[in-house]
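Have a look at the structure below, then the notes.
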Protein chains: 2
Amino acid sequence: MTEKTPLKKRSRARGHGANDTGFLDGFLLYLLARASAEASADLHDMVRKRGLSVPEWRVMFTLHDGPCTVGEMAAHTLMQQPTLTKLLDRMETAGRVKRQVDPADGRRVLLTLTPTGRAHNDALMPLSKDYEAGLLAGYTPAEVTALKTALRKLIDRGN
Amino acid sequence: MTEKTPLKKRSRARGHGANDTGFLDGFLLYLLARASAEASADLHDMVRKRGLSVPEWRVMFTLHDGPCTVGEMAAHTLMQQPTLTKLLDRMETAGRVKRQVDPADGRRVLLTLTPTGRAHNDALMPLSKDYEAGLLAGYTPAEVTALKTALRKLIDRGN
DNA sequence: TCATATCATATGAATTTTCATATGAAAAGG
DNA sequence: CCTTTTCATATGAAAATTCATATGATATGA
């Protein structure tokens with residue numbers, strides 16, 4: 001009877017027990033991981049509702065910006081290469097992406113979206129933009145810029 | 001001969017092909033996920049070198065701040081509950097954590113560190129602090145505060 | 001131009017995670 | 001009380017991920 005509300009189930013889990021003012025709460029890597037997970041949760045639910053897993057969606061979103069090789073994709077989507085290869089097998093079977101050997105270098109495989117994949121993507125793109133806008137509603141433009149700059153700095157530091 | 005350098009292998013993967021100035025590079029959720037992954041990578045490598053998986057380490061780190069239930073732990077470590085239950089099975093077998101039914105509520109299970117677990121933890125704690133200090137070296141204290149505040153805001157927004 | 005080293009992706013067995021659901025404990029209602 | 005509902009954790013089969021390594025393509029050097 002209860003309509004089943006899969007969205008927003010990860011809501012409480014805070015405010016009691018221990019773990020509220022401990023070491024972790026000031027630890028940058030924890031804040032990053034948790035902010036990333038919490039901020040993405042609802043969008044990820046929407047993505048799954050449309051029949052895509054989050055890794056699949058990441059792959060397709062990356063391809064929106066143009067084709068790339070398997071290795072580049074692995075780095076971009078934060079996956080290990082064998083994990084990605086197997087995901088690509090499934091996505092190729094599902095008709096969402098296409099693999100073709102790079103004519104310039106027979107070791108590389110170039111990935112592109114199929115029309116089907118592009119359609120999925122186009123449907124999700126505005127959704128994602130709206131979602132991000134909603135997330136950032138409580139911040140001033142300066143704050144947003146500062147946050148993104150700081151994040152980019154962290155990313156580059158790793159490379 | 002080459003000493004094997006497992007650290008810092010995820011280094012290039014940027015600067016060519018497409019995907020350098022596309023949609024993704026400005027997308028907050030992408031920046032968050034990637035910053036989290038890149039910033040943590042080397043510490044995670046150190047953790048694994050000491051014989052812990054990253055999820056195990058997260059569980060133990062959380063317990064450093066005090067005992068908690070399985071559900072609280074799942075929320076804190078960003079895992080699904082069945083995933084955590086099975087991880088706990090392994091960690092209990094390995095002698096790192098202890099489970100005991102909450103005397104106040106027979107449904108809940110309270111988690112604590114064993115002495116062995118605590119020892120691992122104590123060894124990793126200073127390492128983690130140093131690592132974070134290194135990460136934040138390029139930022140002013142004000143920037144650090146602003147970043148952490150922004151991240152906390154994102155976390156709270158989800159709840 | 002052959003070895004040989006290196007690089008990019010694929011493969012397979014073992015491990016881990018997930019999804020759906022079961023189990024058992026407390027709360028609520030009659 | 002006794003039934004029903006809700007809550008917290010566990011379980012089991014299926015799916016995805018990982019680790020180590022294989023495969024096949026391209027540089028490199030004698």
Side-chain angles (χ1 to χ4, degrees), chain A residues 1-2 4-6 9-13 16-17 37 44-45 48-49 51-59 67-94 97-111, chain B residues 1-2 4-6 9-13 16-17 37 41 44-45 47-49 51-59 67-94 97-111:
Chain A
M1 265 85 233
T2 41
K4 202 141 172 267
T5 50
K9 205 176 16 183
R10 77 195 92 269
S11 288
R12 76 266 160 281
H16 51 313
H44 287 177
D45 283 338
R48 279 185 285 258
K49 260 192 196 141
L52 294 177
S53 72
V54 171
E56 276 170 353
W57 168 71
R58 283 191 171 142
V59 165
C68 72
T69 68
V70 173
E72 288 166 353
M73 180 62 77
H76 249 77
T77 55
L78 313 169
M79 285 188 250
Q80 306 204 345
Q81 176 265 311
T83 306
L84 177 58
T85 285
K86 281 156 194 175
L87 175 59
L88 290 172
D89 291 346
R90 287 172 253 141
M91 294 181 74
E92 202 173 22
T93 301
V97 301
K98 195 173 50 169
R99 277 195 262 224
Q100 50 196 126
V101 175
D102 185 340
D105 182 341
R107 293 168 300 181
R108 301 187 200 188
V109 171
L110 293 172
L111 305 172
Chain B
M1 265 89 228
T2 39
K4 203 142 170 263
T5 49
K9 203 177 14 184
R10 77 197 91 268
S11 288
R12 74 264 160 282
H16 51 314
H44 287 178
D45 284 338
V47 166
R48 279 185 284 259
K49 259 190 197 142
L52 294 177
S53 73
V54 170
E56 277 170 351
W57 167 71
R58 284 191 171 143
V59 166
C68 71
T69 69
V70 172
E72 288 165 354
M73 180 62 77
H76 248 77
T77 56
L78 313 170
M79 287 190 248
Q80 307 203 349
Q81 178 265 311
T83 306
L84 177 58
T85 286
K86 281 157 193 172
L87 175 59
L88 290 172
D89 291 345
R90 287 172 251 139
M91 293 181 74
E92 203 173 22
T93 301
V97 301
K98 195 173 49 170
R99 275 196 263 222
Q100 50 196 122
V101 176
D102 185 340
D105 182 340
R107 294 169 298 182
R108 300 188 201 188
V109 171
L110 293 172
L111 306 172

Measure CG/Leu84(B) against P/dC19(C) and give the value in whole Å, please. 16 Å
Base, sugar-phosphate or nothing for Ser53(A)? Non-hydrogen atoms, less than 4.0 Å. nothing
Starting at the 5' end of DNA chain D, which residue's closest nucleotide do you reach first, Asp105(B) or Gly106(A)? Asp105(B)
Can you measure Arg48(B) atom CZ to dT15(C) atom C1' for me and round it to whole angstrom units? 15 Å
Between CG of Leu111(B) and P of dT9(D) the distance, given in whole Å, is 8 Å
Value in whole Å for how far the C1' atom of dA22(D) lies from CZ of Arg107(A): 16 Å
Considering only dT9(C), dT9(D), dC19(D), which nucleotide approaches the side chain of Arg108(B) most closely? dT9(D)
Nearest non-hydrogen partners of Ala37(B) and Leu78(A), listed with the distance: CB-CD2, 3.8 Å
Taking the nucleotide of DNA chain D with the nearest heavy atom to each, does Pro55(A) or Val70(B) sit closer to the 5' end? Val70(B)
Could you check which of dA8(D), dT18(D), dA8(C) has an atom nearest any side-chain atom of Thr83(A)? dT18(D)
Met73(A) CE - dA10(C) P separation (whole Å): 13 Å
Contacts of Leu110(B) that satisfy side chain to side chain contact (heavy atoms under 4.5 Å, CB included) - sequence neighbours left out: Thr69(B), Gln100(B), Asp102(B), Pro103(B)
With Glu92(B) via side-chain hydrogen bond (donor to acceptor under 3.5 Å, both in side chains) - residues at least two apart: Arg99(B)
Acceptor/donor pairs from residues 79-86 of chain A side chains to any protein atom, 3.5 angstrom cut, sequence neighbours excluded:
unit_1: Gln81(A); atom_1: NE2; unit_2: Thr85(A); atom_2: OG1; d: 3.0
unit_1: Thr85(A); atom_1: OG1; unit_2: Gln81(A); atom_2: O; d: 3.4

So does Gln80(B) get a side-chain nitrogen or oxygen closer than 4.0 Å to the phosphate oxygens (OP1/OP2) of dC19(C)? yes
Might you point out which heavy atoms bring Cys68(A) and Met73(A) nearest each other, and give the distance in Å? SG-CE, 3.7 Å
Which pairs, protein N/O on one side and nucleotides 12-15 of chain D N/O on the other, fall under 3.5 Å?
unit_1: dG12(D); atom_1: N7; unit_2: Lys86(B); atom_2: NZ; d: 3.1
unit_1: dG12(D); atom_1: O6; unit_2: Lys86(B); atom_2: NZ; d: 2.3

Separation of Asp102(A) atom CG from dA8(C) atom C1', in whole Å? 11 Å
Any N or O donor-acceptor pair under 3.5 Å from the base of dA10(C) to the side chain of Gln81(A)? yes
Run the side chain to side chain contact (heavy atoms under 4.5 Å, CB included) test against Val54(B) and tell me which residues pass, sequence neighbours left out. His44(B), Arg48(B), Trp57(B), Arg58(B)
Grab the CE-P distance between Met79(A) and dT18(D) for me, whole Å please. 10 Å
Rounded to whole Å, how long is the line connecting atom CG of Leu87(B) with atom C1' of dT9(D)? 15 Å
Any heavy-atom pair between the side chains of Thr93(B) and Arg90(B) that's under 4.5 Å? no
